[in-house]
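To keep things clear, I will list the structure first and then write my remarks on it.
Just so it is clear, the model here is predicted, and its values are computed rather than measured. Atoms considered below: every heavy atom in the structure, side chains included; atoms not considered: hydrogens, waters and symmetry mates.
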Amino acid sequence: ILLVMFVITLITGIVLHLKSHGIIVEPRAAIKIIHWIAGFAMSIAAVIHGQQFWKPFCKGFLKKTFAGINTGVLIIMIAAVTITGLVKLVSPVKIHGLGLWHYWIGMLMSIAAIIHLVRGVPVLVAMIKAGKKR
């Protein structure tokens, strides 16, 4: 669920950003709603995922491994993109530049998420195999 919501949020976010380059994809309102719902679902799934892997993360982060540092950066980026998105959503006035900040933080978060995924899948497979051997 987390991966699917991430992909939907990333693609719809990029499509919405195209407006700043003079390309408007319609129906824009529907794309915004899909982006909001997928982003919200992704945030919820990320919290659940974080709860499941909190202990291994702490061990990795305390060892100062790249995976732990990448995960720490990812957590900060998720928080920042969520906060900027919520402010954009609930603000009664348009805040100049906030959408661009939200976009670029989202792009950095996406890079960190892809690194996290590429590095995390082999670790997850090893954890599963170790659990089956018990």
Side-chain angles (χ1 to χ4, degrees):
I1 292 172
L2 178 57
L3 181 59
V4 171
M5 292 300 111
F6 167 71
V7 170
I8 292 170
T9 304
L10 177 64
I11 291 170
T12 56
I14 291 170
V15 168
L16 290 169
H17 176 74
L18 291 175
K19 180 181 177 189
S20 67
H21 298 286
I23 302 167
I24 299 175
V25 179
E26 293 293 341
R28 189 165 171 77
I31 296 169
K32 279 184 176 183
I33 291 170
I34 292 167
H35 182 71
W36 296 336
I37 291 170
F40 182 73
M42 180 184 71
S43 297
I44 299 293
V47 167
I48 294 167
H49 174 72
Q51 289 174 338
Q52 291 172 332
F53 292 97
W54 184 249
K55 287 181 184 177
F57 163 70
C58 288
K59 288 178 184 176
F61 192 72
L62 294 174
K63 291 180 182 177
K64 300 205 183 229
T65 63
F66 177 75
I69 293 169
N70 171 253
T71 303
V73 169
L74 180 57
I75 290 169
I76 292 167
M77 292 291 111
I78 288 172
V81 81
T82 301
I83 290 166
T84 57
L86 283 173
V87 170
K88 255 182 86 47
L89 183 62
V90 300
S91 177
V93 294
K94 186 174 182 178
I95 300 171
H96 179 71
L98 183 62
L100 200 53
W101 275 98
H102 178 71
Y103 173 77
W104 283 111
I105 294 169
M107 289 294 105
L108 292 173
M109 182 206 74
S110 298
I111 293 167
I114 290 167
I115 293 169
H116 178 77
L117 182 64
V118 168
R119 293 185 57 89
V121 168
V123 174
L124 180 61
V125 170
M127 289 171 64
I128 291 169
K129 285 182 181 177
K132 287 182 179 179
K133 289 181 182 177
R134 288 184 191 175

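- In this structure, the side chains of H17 and L100 come closer than 4.5 Å at one or more pairs of heavy atoms.
- At least one side-chain heavy atom of L10 sits less than 4.5 Å from a side-chain heavy atom of M107.
- Scanning both residues, H102 and T84, for their nearest heavy atoms gives ND1-OG1, 2.9 Å.
- Each of I14 and I37 belongs to its own hydrophobic cluster when Ile, Leu, Val, Met, Phe, Trp and Tyr are linked at side-chain heavy-atom distances under 4.5 angstrom.
- Counting heavy-atom neighbours within 6.0 Å of F40 CZ, excluding the residue itself, gives a total of 12 or less.
- Here I24 contributes atom CD1 and I31 contributes atom CD1; the two are 11.0 Å apart, rounded to the nearest 0.5 Å.
- Qualifying ring pair (Phe, Tyr, Trp, His ring centres under 6.0 Å) partners for F6, counting only residues two or more places apart in sequence or in other chains: none.
- Across A45 and I1, no two heavy atoms sit closer than the pair CB-CG2, 4.5 Å.
- Considering only residues two or more places apart in sequence or on other chains, S110 meets the side-chain hydrogen bond (donor to acceptor under 3.5 Å, both in side chains) condition with none of them.
- Proximity of R119 to N70: side-chain heavy atoms (C-beta onward) are nowhere separated by under 4.5 Å.
- In this structure the side chain of M77 reaches within 4.5 angstrom of the side chain of I105, judged on heavy atoms.
- The CD1 atom of I78 sits 6.5 Å away from atom CE of M42, with the distance rounded to the nearest 0.5 Å.
- The two residues T82 and S43 make their nearest non-hydrogen contact at OG1-OG, 3.6 Å.
- Rounding to the nearest 0.5 Å gives a distance of 10.0 Å between CH2 of W101 and CG of L98.
- One hydrophobic cluster, built from ILVMFWY side chains closer than 4.5 Å, holds both V7 and V81.
- Atoms NZ and CG, on K32 and L16 in that order, are 7.0 Å from each other to the nearest 0.5 Å.
- Two different hydrophobic clusters hold I44 and I75 under the rule that ILVMFWY side chains link at heavy-atom gaps under 4.5 Å.
- Residues meeting the side-chain hydrogen bond (donor to acceptor under 3.5 Å, both in side chains) test with H96, sequence neighbours left out: none.
- Looking at every heavy atom in both residues, L2 comes nearest to A46 through CD1-N, 3.7 Å.
- The two residues L18 and V25 come nearest to each other via the heavy atoms CD1-CG2, 4.3 Å.
- L86 and I83 fall into different hydrophobic clusters, where Ile, Leu, Val, Met, Phe, Trp and Tyr side chains are chained together by heavy-atom contacts under 4.5 Å.
- Separation of atoms CG (L124) and CG (L117) is listed at 10.0 Å; rounding is to 0.5 Å.
- Side-chain atoms of H35 and T9 include no donor-acceptor pair closer than 3.5 Å.
- Atom CG of L3 is separated from atom NE2 of H49 by 10.5 Å, given to the nearest 0.5 angstrom.
- Looking only at side-chain heavy atoms (C-beta outward), R28 and K19 come within less than 4.5 Å of each other.
- V87 and V90 are members of different hydrophobic clusters when ILVMFWY side chains are connected at heavy-atom separations under 4.5 Å.
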